[in-house]
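Lettering follows sequence order; numbering is per chain, from 1.
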Amino acid sequence: MDTPMLDRELKKGSAELLVLSLVEARSRHGYEISKLIESLSQGTLRFHVGSLYPLLYRLEARGWIQGKWVEKAGQRRRRYYRLTAQGRKVLAKQRQGWQQFAEAIRRITGIEYV
Amino acid sequence: MSDWKEIVEERLAGLKLDTPRQAAIVDELAQHIEDRYEELRAGGTSEEEARRLALEGLDASLIRELYRARHAAVYEPPRHARGFMRYSLYDLRMAVRTAKSKPAFSLMVIGMLALGIAGNAAIFSLFNGLFLKALPFYESERLVDLDETAPKWNLHYVGVSNPDLYEWRKNNRTFEGMAFFDTNAFNLSGLAGTAQRIRGAQVTRDLLDVLKLKPFWGRNFLPDEDKPKAPKVVLLGYDLWQRLFHGDRAVLGHTIILSEQAYTVVGVLPKEAVFPDQVDLWVPLAADPNDHSGWYLNGIGRLKPGVTYEQAAADLLRVHRPGAPGTNKVNEITSPILTPLRDRYLGDYRTVSRILLVAVAVVLLIACVNIAALMLVRSTARGREIAIRTAIGASRVRILGQLLMENALLAAVGGMVGVLVGGVFLRAMVSWLPDNTPRWISFSLDARFVIFCVLITGAAALLFGLVPAIQASGGNSGNALHESGTRTSLSRGRRRTLSALVVCEIGLALMLLISAGLLLQAFHKVLHADPGFRPENVISFRVDLPRATYPKPEKILPFFQNLLRQVAALPGVQTVGAASAPPLGGHWGNFYVGDEDRPLGPNDKTPVVLQVVATPGYFDAIGMTRLAGRPFDERDGLSKDAPVIIVNESFAKMHWPGKSALGKRVRYNDPKSTWMQVVGVYRDEKHYGLDQEVRPSIFQPHLQIPFQSMSIVLRSSGDPRNLVEPARQILQRLDADLPMYDVRTMTERLERSLWARRAYSWLFGAFALVALVLAAAGIYGVISYAVTQRTREIGIRMALGATPGEVLTGVLRTGMVLVAIGAALGLAATLLAARLLETLLFGVSPRDPLIYAAVILGVACVGLLANFVPARRAAAVDPMRALRVE
């Protein structure tokens, strides 16, 4: 991904999928999500405040994830996001879509190098 | 940490969220930033660097993103705000953003719309001012023009006679009041400065009452002042009062000299007294009820409330037929005629402005069709966006609403720009209007204009937005998602709609072009019509001798002879003459009988004949062509016993068809009058304007009929305008109180007489060209879009062996089929509609084959060109690359 343009577009297209995937297993707070994306992608993908939270709020507004303030002993108040039932369906669909897309890309790019 | 919170709060200040929500966001963001900061510090980053990195992304774009996040995603506003207004506001914000995100597209739409609306706004306000706006008089709908008509004399309006005035006024039962007037010009002298020519009206004293006006200062005429031989009094017009007396109220009782007679000022007219049009003062008509000599008065009546035109006309006819004692015979020929005030003075413009209104409406229609096509194309591109919205639950109504809002926004901006530009157009057009447009017509903006603009903009928005919107929202969302995921070409239905739009555009443009072609052809024909005289290097001015100082022929004739002789001696003057009515100089009618005429039956028409009084030099000065006989000479008219006349071709044909008119005799329509002998026949001159009909006319020597008001006609060897000053000096020396007025070259007079035809022909041409350009842009856009969409298909074809030439012709064929269908439909419509133009065509056939052929050819060429560019691009497609794209 050398071109910043392409990078941005890809990130935009995949961001929803990433976030939904990360909160699938258990609820997480915003900073945690950003850290996970960064570490799991080995630094290729990074979200700062300016892009992460709008995305979270958007997903929340659509009803795909739900945020909740949680106070744990010895920790400060944090907002945890969990996947909703609707979000789960969307995630499944998007996953499938991405897989098909990735497969298609792989086939085409693969053929080209044959 | 409160430190971070403050920073976040500060940066989000622009968001304007409700407070609890804002506090929550601030909390969460601050928390995140703090976490990051701590971690960075723990990792050994410097305080400053950690701070910078932590705050990364906390900028203006965040606000924007947060904003979007709240509103865009599901596109359902918060639950607590589900009112219609709330929706509309969201829609509006969305629309603004969408418009901004595609500036080129938005500007194109706005530009096309503005162009269409500007034309409409300008033409409509002309039309509005001329025909819709109430006249500036109290209850003006009750005012009617009164006149007499005499079809047997071949005259629609003859004027009202004195006896009829008194009869009508006395015995009618349907009028609240009626007033009569004649406009006249006076030589105003006796004040400081040189003599000036002033237009005035001789009015009956009830005119102010009919108009429901009161004198601004002083009083109206007294009943006794409106009688023959009454003391001379005058009401000054407001402007004249300001000009001459600088608004001095002590003007009452003052004396002014009008055509050498003293008039006492009794009052000042209010500013609103703009009828009769373009007069500076009123004097009493003082009509003699026993004077049967002629029909010359204009009338205006105020109907009683609730009385219709028909009732009033019947009432007047009842009064009119028996006539005043002694008028019986003639009152069978003339009948009263009532005309709405506006029609009487503006009727000429009605057809023209209607036709122009249709033309601009068509331009706007084409613009809308174009925009609709653009929208359709774009909505295809937006298909995925809309499909996603539908998929995640936005209702069809919501999406339709939003698309309509986008259109409404573009339409509103286009409308506003259009109205502004229209204002400029209007000012330009008003400046072309001739001097004789009544002053009581104003073209200022009014509520009707505003309503028109709002309506037309709304209609445009609906027109160009609805089809694409329905198409966009009507589709099955699953399909659309699927479709946009796999291929990006146009659906069949949409392509058909686009094609239909292109066909419409071509048809409409063709219609406008042919109409414009016909009008311009007619204008060309008029311009090159033979005027029957040679207008080049001719100038004329008018001199009017007041009856008071020049009461008798013994004073009038020597004055004019003197004047003509001295003017003829000026260097540069070739010939000089004088006439009572040179071409475009007005009409003076009379009735004549020829010596071989068969006796008139009771139903025969006696057409009115143009009577011109002329001096011997006139015919050469104006450049008329002699067909037979001779011009007048210095002896003609000297003897009362052997009067002579000259006639025009039409007159000769009317009375002595197929024979020579020379030596034949003519007399007035009065058995006691002397026979006059025809000594010359001249070619018809277009007396009433190049595009007007010629009437039979007769010329009589000035010596025979010593008119006091004559136009002096000079033919010069160079620029005739150089002669004006020397001539004025001669006139000054002869009589310092005589103004020289109506000074214009003949070419200028001809030009001015054609202003309306020129203006509407060119306007129409301009509209037609705009239409053609818009239509060409439409074809180009649609075809090139189709080509882009079909790149893959074309690639496959070429891969399978199609040559570029085949691809080129293939695309061209598709496009040209549309052009052909459009042209055929347009042609059919034009053949039906062109008849409406017929009255304006000056003999050019509304089915003139040459123009039809030229326009069809032209449209075909433009269509071909608009198709060729995208077709060539299609032919240049590289099959490998085309296939790889998808």
Side-chain angles (χ1 to χ4, degrees), chain A residues 8 11-13 15-16 19 28-39 46-65 67-72 75-81 84 86-87 89-90 93-94 96-98 100-101 104-105 108-109 111-112, chain B residues 1 4 7-8 11-12 15 17 20-21 23-39 52-79 388-389 391-394 481-482 485-486 880 883-886:
Chain A
R8 213 174 62 205
K11 214 160 109 179
K12 224 165 143 186
E16 285 180 18
V19 171
R28 300 180 195 276
H29 59 77
Y31 187 65
E32 196 181 351
I33 294 172
S34 79
K35 286 294 291 178
L36 277 171
I37 290 175
E38 196 174 342
S39 60
R46 268 185 55 198
F47 282 86
H48 53 58
V49 223
S51 44
L52 177 66
Y53 284 91
L55 174 61
L56 287 173
Y57 297 153
R58 187 158 30 213
L59 294 177
E60 190 179 15
R62 284 182 196 157
W64 295 354
I65 59 174
K68 199 176 168 191
W69 289 100
V70 175
E71 258 174 290
K72 288 189 180 161
Q75 277 187 19
R76 266 188 297 263
R77 205 164 82 104
R78 285 182 199 279
R79 197 146 198 261
Y80 282 83
Y81 294 89
T84 65
Q86 199 188 343
K89 279 185 214 153
V90 174
K93 218 185 241 173
Q94 288 204 357
Q96 197 190 352
W98 268 93
Q100 281 174 358
F101 181 67
I105 298 271
I108 293 167
T109 50
I111 284 167
E112 203 162 276
Chain B
M1 259 179 83
W4 299 116
I7 294 173
V8 175
R11 305 243 170 136
L12 294 190
L15 202 54
L17 294 167
R21 176 76 182 132
I25 291 176
V26 168
D27 259 357
E28 195 174 6
L29 294 185
Q31 184 68 59
H32 180 110
I33 291 164
E34 190 186 340
D35 283 346
R36 174 121 173 95
Y37 177 79
E38 302 285 16
E39 193 182 285
R52 192 186 65 76
L53 287 172
L55 284 175
E56 213 181 344
L58 195 67
D59 50 24
S61 71
L62 171 63
I63 296 184
R64 210 166 52 227
E65 287 298 326
L66 281 174
Y67 198 90
R68 262 186 218 185
R70 273 172 51 76
H71 303 308
V74 174
Y75 203 64
E76 291 291 329
R79 262 170 216 172
I388 289 176
R389 282 199 185 145
I392 59 179
L481 264 176
H482 176 75
T486 53
M880 280 318 284
L883 290 176
R884 251 180 243 151
V885 163
E886 294 201 17

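- Rounding to the nearest 0.5 Å places CZ of A:R79 at 15.0 Å from NE2 of B:H32.
- Note: A:H29 NE2 to B:D35 CG = 6.0 Å, rounded to the nearest 0.5 Å.
- Taking CG of A:L52 as the reference point, atom CG of B:L29 lies at 9.0 Å (rounded to 0.5 Å).
- Rounded to the nearest 0.5 Å, atoms CZ (A:R77) and CD (B:Q31) are 9.0 Å apart.
- Contacts with chain A were tallied for B:I33, B:L53, B:D27; B:D27 has the most, counting heavy-atom pairs under 4.5 Å.
- Across all non-hydrogen atoms, the minimal contact from A:Y31 to B:R36 is OH-CA, 3.2 Å.
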